**Q** 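Sharing a structure with you now.
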Amino acid sequence: MPPSPDRRRAAHEARARVAAAAARRSRRRRRLQAAAALSLVGLLLVGAALQLRRDDTADARAGVLSYVVPPPSHVTGAVAYAVTPPVGGDHAGVWQNCGAYDDPVRPEQAVHSMEHGAVWLTYAQGLSNVDLETVEAFAHQPYVLVSPWLGALPGRVVASAWGKQLVLDEVDAPKIEAFLRDHRQSDSAPEPGAPCTGGAGEPL
Amino acid sequence: MTQRVRLVGIALSLLLAAGIGRVSAPARSNPAETSVDVGFARDMAVHHAQAVAMAEIERSRTASVALRTLATDIALTQQAQIGRMQGWLAAWGRPLTTTNAPMAWMGHGGPMPGMASPAALVRLASLTGAELDRTFLSLMLAHHEGGLDMARAGAAAAERPEVRALARQIVASQQAEIQTLRSLESSIR
């Protein structure tokens with residue numbers, strides 16, 4: 001027996017409600033999809049913007065301090081540097097040849113080496129033999145200067161480049177390597193292409 | 001297609017677009033033959049080469065340790081920068097040299113500023129002692145002042161950030177070197 005008009009209308013209304021609910025769910029899903037797509041685009045844009053600031057924050061996260069160094073002059077005699085060990089500034093006319101030294105080197109010459117892109121590793125007195133070997137091994141690489149520091153050093157070993165410094169409480173080879181990778185012959189060294197040989201000193 | 005498939009599809013195509021954007025950004029088109037970048041790289045390399053030549057003459061003939069050190073510094077630094085600029089030209093697929101007159105990229109033709117004549121270099125190579133040192137310093141000062149003009153123009157107008165960066169570094173280091181040259185000059189007189 002066919003359904004009564006009331007039953008047909010009820011069924012029709014039920015179907016309409018189901019259809020309306022489905023339509024609402026569908027619209028909601030489309031809105032969610034649109035929101036998800038826009039969020040994704042937004043995240044990508046923010047990510048791109050953050051990438052531009054990566055260098056500064058990456059340095060800070062690695063514990064590397066950044067300094068602004070005014071344009072340097074060649075001077076004779078001693079210089080009173082603002083940072084210990086120095087990260088740049090006025091310096092001697094001759095640079096310190098890169099390599100490892102048993103005795104302290106003149107900071108005014110080492111600063112000239114850093115102007116040429118060298119990284120200067122200074123270590124405190126009383127380093128263990130193992131630690132000393134680890135630090136001096138870096139001097140086999142180009143554009144690395146290694147020497148002991150007389151007087152108070154802020155850490156056990158300090159890695160300095162022009163305008164950059166990493167103070168380490170222990171001889172941490174991976175951290176020194178990372179500093180070399182990021183700051184040796186970097187764009188912050190004022191004289192790209194300048195030599196670290198042909199200057200003063202006979203390294204070990 | 002289910003809603004989930006569509007959502008995944010949208011996400012994937014956005015990531016793909018971002019990936020393509022990141023990869024293709026470095027592969028931007030190379031500077032044109034008439035660009036400031038190409039003109040600067042070519043002309044500055046030639047300009048630097050004369051500084052290297054003068055420094056080599058001074059380095060081999062001077063009795064002054066200070067001047068020998070300075071000449072070594074200038075020669076090696078500027079030669080390395082020639083290498084960098086010619087590396088760019090090679091990567092851009094541009095010839096290292098041109099038969100056109102220099103300086104068109106700076107908006108005017110004519111010789112490069114501060115260049116010494118070939119005769120001046122021949123004369124320098126015949127000198128010794130204080131006269132050699134004075135002449136070297138005088139030639140190198142003029143050379144640096146000219147190089148400064150070119151580097152300033154390159155720093156202002158080149159399209160590639162690495163070209164502008166090197167030009168800025170040349171401005172800074174040659175400005176400092178001019179002070180060194182001047183103080184050496186007055187100490188010889």
Side-chain angles (χ1 to χ4, degrees), chain A residues 22 25-48 51-52 69-76 88-97 109 112-113 115-117 143 162 185-201, chain B residues 2-19 21-22 25 48 59 64-85 87 161-162 164-184 187:
Chain A
R25 276 197 300 277
S26 170
R27 272 197 303 277
R28 195 181 314 135
R29 263 194 291 270
R30 279 198 291 277
R31 274 198 289 271
L32 281 171
Q33 283 168 10
L38 283 171
S39 311
L40 214 57
V41 171
L43 278 170
L44 289 167
L45 287 171
V46 169
Q51 189 74 7
L52 295 171
V69 183
S73 309
H74 283 189
V75 297
T76 51
D90 289 347
H91 51 269
V94 69
W95 55 96
Q96 188 77 30
N97 286 325
Q109 289 177 188
H112 195 156
S113 308
E115 189 194 42
H116 287 189
Y143 284 84
W162 192 272
Q185 291 186 288
S186 74
D187 279 348
S188 35
E191 282 192 313
C196 206
T197 52
Chain B
T2 65
Q3 303 296 1
R4 185 173 304 174
V5 171
R6 239 196 286 169
L7 190 57
V8 170
I10 290 170
L12 280 174
S13 38
L14 279 168
L15 284 168
L16 188 64
R22 291 288 302 277
H48 268 29
R59 197 166 66 90
S64 156
V65 173
L67 278 169
R68 195 175 319 121
T69 301
L70 178 66
T72 302
D73 202 343
I74 291 173
L76 293 177
T77 302
Q78 295 211 12
Q79 188 62 43
Q81 291 177 357
I82 287 171
R84 185 179 290 211
M85 292 184 278
E162 61 270 26
R164 290 197 304 270
L166 180 65
R168 277 195 303 267
Q169 285 169 300
I170 291 172
V171 169
S173 60
Q174 295 210 351
Q175 259 173 340
E177 227 158 50
I178 282 171
Q179 299 312 312
T180 302
L181 291 163
R182 283 202 182 121
S183 74
L184 280 166
S187 75

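Note: hydrogens, waters and symmetry copies are ignored here, and every other heavy atom, side chains too, is used. Protein chains get the first letters and strands the later ones, always in sequence-line order, with residue 1 at the start of each. This structure is a prediction, so every number in the text was calculated from the model and none was measured.
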**Q** CD of A:E191 to CD1 of B:I74: how many Å apart, nearest 0.5 Å?
**A**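 Here the interatomic distance stands at 9.0 Å.
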
**Q** Taking the side chain as every heavy atom from C-beta outward, state whether B:E162 and A:D187 have any pair of such atoms under 4.5 Å apart.
**A** no

**Q** Could you state the interatomic distance from CG (B:L181) to NE2 (A:H74), rounded to the nearest 0.5 Å?
**A**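 Rounded to the nearest 0.5 Å, the CG-NE2 separation comes out at 9.5 Å.
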
**Q** How close do A:G193 and B:A80 get, counting heavy atoms only, and between which atoms?
**A**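 Looks like O-CB, 3.1 Å.
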
**Q** Please name the pair of heavy atoms, one in B:S173 and one in A:P190, separated by the smallest distance, quoted to 0.1 Å.
**A**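 Nearest heavy atoms, B:S173 then A:P190: CB-O, 4.2 Å.
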
**Q** How many angstroms lie between OG1 in B:T69 and CH2 in A:W95, if you round to the nearest 0.5 Å?
**A** 6.0 Å

**Q** Is it the backbone or the side chain of A:P192 that comes under 4.5 Å from a heavy atom of chain B, or both, or neither?
**A** both

**Q** With the side chain counted from C-beta on, respond yes when A:S73 and B:T180 share a heavy-atom pair under 4.5 Å apart, and no when they do not.
**A**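 When only atoms from C-beta onward are counted, B:T180 and A:S73 do not touch, as no gap falls below 4.5 Å.
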
**Q** Heavy-atom distance under 4.5 Å to chain B: side chain of A:A189, backbone, both or neither?
**A** backbone

**Q** Measure the spacing between CD of A:Q33 and CZ of B:R4 and express it to the nearest 0.5 Å.
**A**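 If we round to the nearest 0.5 Å, A:Q33:CD and B:R4:CZ are 12.0 Å apart.
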
**Q** Chain A heavy atoms under 4.5 Å from B:Q169: which part of the residue, side chain, backbone, both or neither?
**A**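 Both parts, backbone and side chain.
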
